[in-house]
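Numbering starts at 1 and runs along the sequence shown.
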Amino acid sequence: MILYHGSKSGIRGEISPFCGRMTCDFGQGFYMGDRPDQPKGLIAGWKDNQFYELECDFTGLKILSFTDDYVGRMDWALYIGYNRGQIDPNQYPVLVDRYQGYNASYDVVAGLIANDKMYRVLDDFFHLNICDKAFLEALSRVKLGRQYVAKTKRACGQEHIKVLSVHSLSEREVKAAKVQEINRGMQNDGIVEQLKAKYRRAIDIKYFDEIAKEWEKKADS
């Protein structure tokens, strides 16, 4: 499998799971995507950027891959919410235990990519400003690809991740990446407002607090 990684100043030394922040989508780890345009957009504004093409083989590793159904996408959202500090451990201790387990137990975590605009949708969801159906429809319309996060030293080893090529983005690549990010941002803003209006008076919807309480009860039963 070919994956891509963007770095603001280049990888120094061996690939490591400890180079990222704890508060990233899937916690600390080495982040890769299955589409080149998304990581290019992340590094286009940095002078010393480095773009990597990687050959990955995760055979033999413990992998968590979020499914593309209601439960899988909601699990994905709650996991990101936990890693980004949106889930109160005092209010939802069972969920916190669940996602601490994810961070501690898996070599690789795979799921949809959330960009800055999608973080705003996530924030709306966790602050009860958008319902589950509007949130999930927004996810289905924002097609950024999937991210794969190597969370352990074993997963980052050369037998699992090999660098095929690395280069600084050309002026053409930088311009294309910036234009694409602007276009995506404008598109996402319109989608969110449309969906808020669409589901404003819907009946069979749920909000984050209702979903979190349901998941807490299921885990206890």
Side-chain angles (χ1 to χ4, degrees), residues 1-58 61 63-66 68 73 76-77 79-80 83-84 107-123 138-152 155-158 160-192:
M1 174 170 53
I2 303 299
L3 298 176
Y4 306 93
H5 174 81
S7 173
K8 296 174 183 177
S9 58
I11 299 171
R12 296 172 184 174
E14 297 180 349
I15 292 174
S16 168
F18 307 117
C19 56
R21 305 188 313 274
M22 297 289 290
T23 54
C24 291
D25 288 354
F26 297 164
Q28 192 171 46
F30 181 75
Y31 281 71
M32 301 161 282
D34 64 354
R35 298 181 184 180
D37 54 323
Q38 196 272 339
K40 285 182 179 180
L42 293 176
I43 63 173
W46 296 85
K47 179 182 177 181
D48 299 321
N49 67 71
Q50 295 285 292
F51 177 74
Y52 294 81
E53 182 180 16
L54 308 164
E55 182 178 9
C56 300
D57 182 354
F58 300 135
L61 298 178
I63 301 171
L64 169 64
S65 182
F66 291 101
D68 195 24
R73 289 195 170 192
W76 170 90
Y79 181 45
I80 291 178
N83 285 315
R84 290 186 168 273
D107 296 303
V108 177
V109 177
L112 294 175
I113 293 173
N115 65 357
D116 288 343
K117 293 293 182 179
M118 185 50 65
Y119 296 148
R120 296 181 189 178
V121 181
L122 282 161
D123 197 56
L139 278 185
S140 69
R141 294 196 190 184
V142 180
K143 301 184 184 301
L144 297 171
R146 289 176 65 81
Q147 58 188 347
Y148 294 75
V149 184
K151 297 183 65 64
T152 62
C156 290
Q158 292 185 4
H160 297 294
I161 302 175
K162 295 179 181 178
V163 176
L164 296 180
S165 67
V166 55
H167 71 271
S168 297
L169 299 184
S170 66
E171 289 187 16
R172 183 176 180 179
E173 286 177 300
V174 168
K175 287 180 180 179
K178 288 182 176 180
V179 168
Q180 190 167 54
E181 286 297 300
I182 291 171
N183 290 339
R184 277 177 176 163
M186 293 173 63
Q187 180 186 28
N188 291 355
D189 283 341
I191 289 172
V192 172

Next item on the list: Any chance you could lay out the salt bridge (Lys or Arg N to Asp or Glu O under 4.0 Å) test for R73 and D68, step after step, and finish with the verdict?
Entry: CA-CA 6 Å; R73 289 195 170 192; D68 195 24; 2.5 Å; yes
Next item on the list: Give the C-alpha distance, both sets of side-chain angles, the deciding distance and a yes or no for side chain to side chain contact (heavy atoms under 4.5 Å, CB included) between I15 and V163.
Entry: CA-CA 10 Å; I15 292 174; V163 176; 4.2 Å; yes
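Between the side chains of E55 and H160, no donor N or O sits under 3.5 Å from an acceptor N or O. No donor-acceptor contact under 3.5 angstrom links the side chains of S168 and N49, judged on distance only. For the residue pair Q50 / S7, no side-chain donor-acceptor distance below 3.5 Å is found, with atom types taken as modelled.
Rounding to the nearest 0.5 Å gives a distance of 3.5 Å between CG of D107 and OG1 of T152. Taken from CG in L169 to NZ in K47, the straight-line distance is 15.0 Å, to the nearest 0.5 Å. Expressed to the nearest 0.5 Å, how far NZ of K151 lies from CG of L64 amounts to 10.0 Å.
With respect to the salt-bridge test (charged N to carboxylate O, under 4.0 angstrom), the residues D48 and K8 do not qualify.
Judged purely by atom type and a 3.5 angstrom limit, K40 has no side-chain atom pairing as donor or acceptor with the backbone of E173. A donor-acceptor contact shorter than 3.5 Å is absent between the side chain of W76 and the backbone of G111.
At least one side-chain heavy atom of E53 sits less than 4.5 Å from a side-chain heavy atom of I2. For the pair L122 and I80, the minimum side-chain heavy-atom distance is below 4.5 Å. Proximity of P17 to Q28: side-chain heavy atoms (C-beta onward) are nowhere separated by under 4.5 Å. In this structure, the side chains of L164 and Y52 stay at 4.5 Å or more apart for every pair of heavy atoms.
Scanning all heavy atoms of the two residues, the minimum distance from C156 to A150 falls at SG-CB, 3.7 Å. The two residues N83 and D25 make their nearest non-hydrogen contact at ND2-O, 2.9 Å. Annotation for F58 and M1: closest pair CE1-CE, 3.6 Å, computed over non-hydrogen atoms.
For H5 and Y31, the ring centers are positioned 6.0 Å apart or more. Between Y4 and F51, the ring centre distance stays below 6.0 Å. Proximity of the aromatic rings of F30 and Y148 is defined here by a centroid distance below 6.0 angstrom, and this criterion is not met.
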